[in-house]
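Keep in mind the model is a prediction, meaning the values are calculated, not measured.
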Amino acid sequence: MIRFVNRALALAISVAVVGAAGADQFQITVTNMGPQPISPMFLAASNSNFDAFTVGSTASLGIKNIAEMGDATAMQSIAAGAGSDISQYIVGPSVLTTGQSYTVNLMADSAHPYLTYISMLGKTNDGFVGGAIGDDALNLYVGSNPLAFSYILTGTQAWDAGTELNTQNAADLAFLGGTGNPADSNNLIRQHAGVIPGVGDSWQLMPAWGLTQDLVRLDIAPVPEPATLAVLGIGLLAALRRRKK
């Protein structure tokens, strides 16, 4: 479910950067709004050829490692191998607990307008939140014009990687030091069924969420180029002078 916050502001900012040539720098703030900690988020700006995951398909090693351990190293290797299909990819600097956030910068352009975003749900066997091409990737542009907007991921974008059986046992949970890896017979990416009360010896340590629960917010805004800032500054000075007169 896509929820844009302050659409008027988003349109105002996008208008301010109309005409920006070449690559654009986007400032992205990731905020954890849900009960689960999330791993450092993998972010990539790409064209439609880079599909980090597809619901209903088998998880790649990149998704497996993020969903089980919060490790984005393999996904970075996949992104590096995508070559010119990606403008830039980065990984956030830290784990986020409820209410925490960080801000990163990512380069994109109208030929690479799609934002992929993936984080582990930290207290699950193999759960993650995210979006990719075909499965809730975000378009950072309208035509060639970069956009500013806020986007909220809900429980409908909590995915089960299908790489581990959801035993909810401490021996199988990375956040409790578990090393077990029982196979999941349904080894396809699917919507996560959530924490199941009474199942496993550690279910009560795995904060639950619902489909309508807000999990992560992405605040996205293009960083104005120096020339754009200068034009805006001149306009502001002119307005101040008119006010004084």
Side-chain angles (χ1 to χ4, degrees), residues 1-3 5 29-43 52-59 62-72 75 91-92 94-102 116-132 135-136 138 150-219:
M1 179 175 67
I2 298 177
R3 293 166 57 186
V5 179
T29 299
V30 181
T31 302
N32 185 352
M33 302 179 71
Q36 284 267 346
I38 60 170
S39 67
M41 182 169 280
F42 171 84
L43 296 155
F53 70 89
T54 300
V55 176
S57 298
T58 303
I63 290 296
K64 171 183 167 67
N65 285 358
I66 289 176
E68 291 183 10
M69 301 176 290
D71 181 1
M75 184 57 74
V91 177
S94 63
V95 171
L96 294 179
T97 58
T98 302
Q100 291 184 325
S101 65
Y102 54 69
T116 293
Y117 47 98
I118 307 167
S119 286
M120 178 192 185
L121 288 167
K123 295 186 176 181
T124 64
N125 284 89
D126 60 345
F128 69 100
V129 292
D135 296 293
D136 295 319
L138 299 177
S150 290
Y151 177 79
I152 295 177
L153 291 74
T154 67
T156 60
Q157 290 162 287
W159 310 110
D160 189 320
T163 57
E164 284 191 344
L165 187 64
N166 296 335
T167 66
Q168 304 189 146
N169 289 324
D172 304 321
L173 292 167
F175 81 95
L176 292 175
T179 57
N181 188 24
D184 185 344
S185 59
N186 180 7
N187 64 338
L188 302 177
I189 298 173
R190 57 196 185 273
Q191 193 169 77
H192 204 291
V195 177
I196 306 172
V199 173
D201 60 19
S202 299
W203 67 269
Q204 72 278 14
L205 301 178
M206 302 168 65
W209 67 90
L211 293 179
T212 60
Q213 170 82 52
D214 292 343
L215 297 179
V216 180
R217 187 179 73 237
L218 301 176
D219 294 306

- Scanning both residues in full, the closest heavy-atom pair of T31 with S101 reads OG1-CB, 3.2 Å
- Query: Which distance, rounded to the nearest 0.5 Å, do you find between the OG1 of T124 and the NE2 of H192?
  - Reply: 5.0 Å
- Task: State, yes or no, whether a side-chain contact exists between W209 and V195 at a heavy-atom distance under 4.5 Å.
- Result: yes
- Query: Does the D135 side chain pair with the main chain of V55, one donor and one acceptor, at a distance under 3.5 Å?
  - Reply: yes
- Message: Between Q213 (side chain only) and G155 (backbone N and O only), is there a donor and an acceptor less than 3.5 Å apart?
- Response: no
- Task: To the nearest 0.5 Å, tell me how far M75 CE sits from T116 OG1.
- Result: 8.5 Å
- Message: Apply side chain to side chain contact (heavy atoms under 4.5 Å, CB included) to residues F175 and M120 and explain how you reach the verdict.
- Response: CA-CA 11 Å; F175 81 95; M120 178 192 185; over 6 Å; no
- Grab the two heavy atoms, one from A59 and one from A161, that are nearest each other, plus how far apart they are. CB-O, 3.7 Å
- Message: Within the 4.5 Å heavy-atom criterion, are T163 and D184 side-chain neighbours or not?
- Response: no
- Query: Side chains of D71 and I66: does their closest heavy-atom pair fall under 4.5 Å?
  - Reply: no
- Could you tell me which non-hydrogen atom of S202 sits nearest to which non-hydrogen atom of N169, and how far apart they are? OG-C, 4.2 Å
- To the nearest 0.5 Å, tell me how far L153 CG sits from D214 CG. 9.5 Å
- Taking the side chain as C-beta and beyond, is there a heavy-atom pair between P40 and V95 under 4.5 Å? yes
- Note on the structure: Note: Y151 and D136 closest approach over all heavy atoms is OH-CB, 4.0 Å
- Query: Rounded to the nearest 0.5 Å, how far apart are CG of D160 and CG of N187?
  - Reply: 10.5 Å
- Query: When rounded to the nearest 0.5 angstrom, what distance separates CG in L218 from OG1 in T29?
  - Reply: 9.0 Å
- Task: Evaluate side chain to side chain donor-acceptor pair (under 3.5 Å) for T98 paired with N32, printing each intermediate quantity in order.
- Result: CA-CA 5 Å; T98 302; N32 185 352; 4.7 Å; no
- Under 3.5 Å donor-acceptor, D201 side chain and A170 backbone: yes
- Item | Pairwise side-chain contact, T54 with I189, heavy-atom cut-off 4.5 Å (strictly under) | no
- Task: Check A158 against L215 and note the closest heavy-atom contact, atom names and distance.
- Result: CB-CD1, 4.1 Å
- Do Q191 side-chain atoms and T156 backbone N/O form a donor-acceptor pair below 3.5 Å? yes
- Does S39 reach the main-chain N or O of S119 with its side chain, forming a donor-acceptor pair under 3.5 Å? no
- Query: Does N166 reach the side chain of I196, with side-chain heavy atoms less than 4.5 Å apart?
  - Reply: no
- Apply the side-chain contact (heavy atoms from CB on, under 4.5 Å) test between Q168 and each candidate in K123, M206, Q204; give the one that qualifies. M206
- Please tell me if the side chains of I152 and V216 come closer than 4.5 Å, counting only heavy atoms from C-beta onward. no
- Message: Any side-chain to backbone donor/acceptor pair from E164 onto D126? Under 3.5 Å, distance only.
- Response: no
- Message: Can you give me the closest heavy-atom contact between A72 and F42, atom names plus distance?
- Response: CB-CB, 4.5 Å
- Within the distance-only criterion (no hydrogens, no angle test), does the side chain of N125 pair as donor or acceptor with the backbone N or O of D172 below 3.5 angstrom? yes
- At what distance, to the nearest 0.5 angstrom, does CZ of F128 lie from CD1 of I38? 13.5 Å
- Query: Side-chain contact, heavy-atom cut-off 4.5 Å: L96 with M41?
  - Reply: no
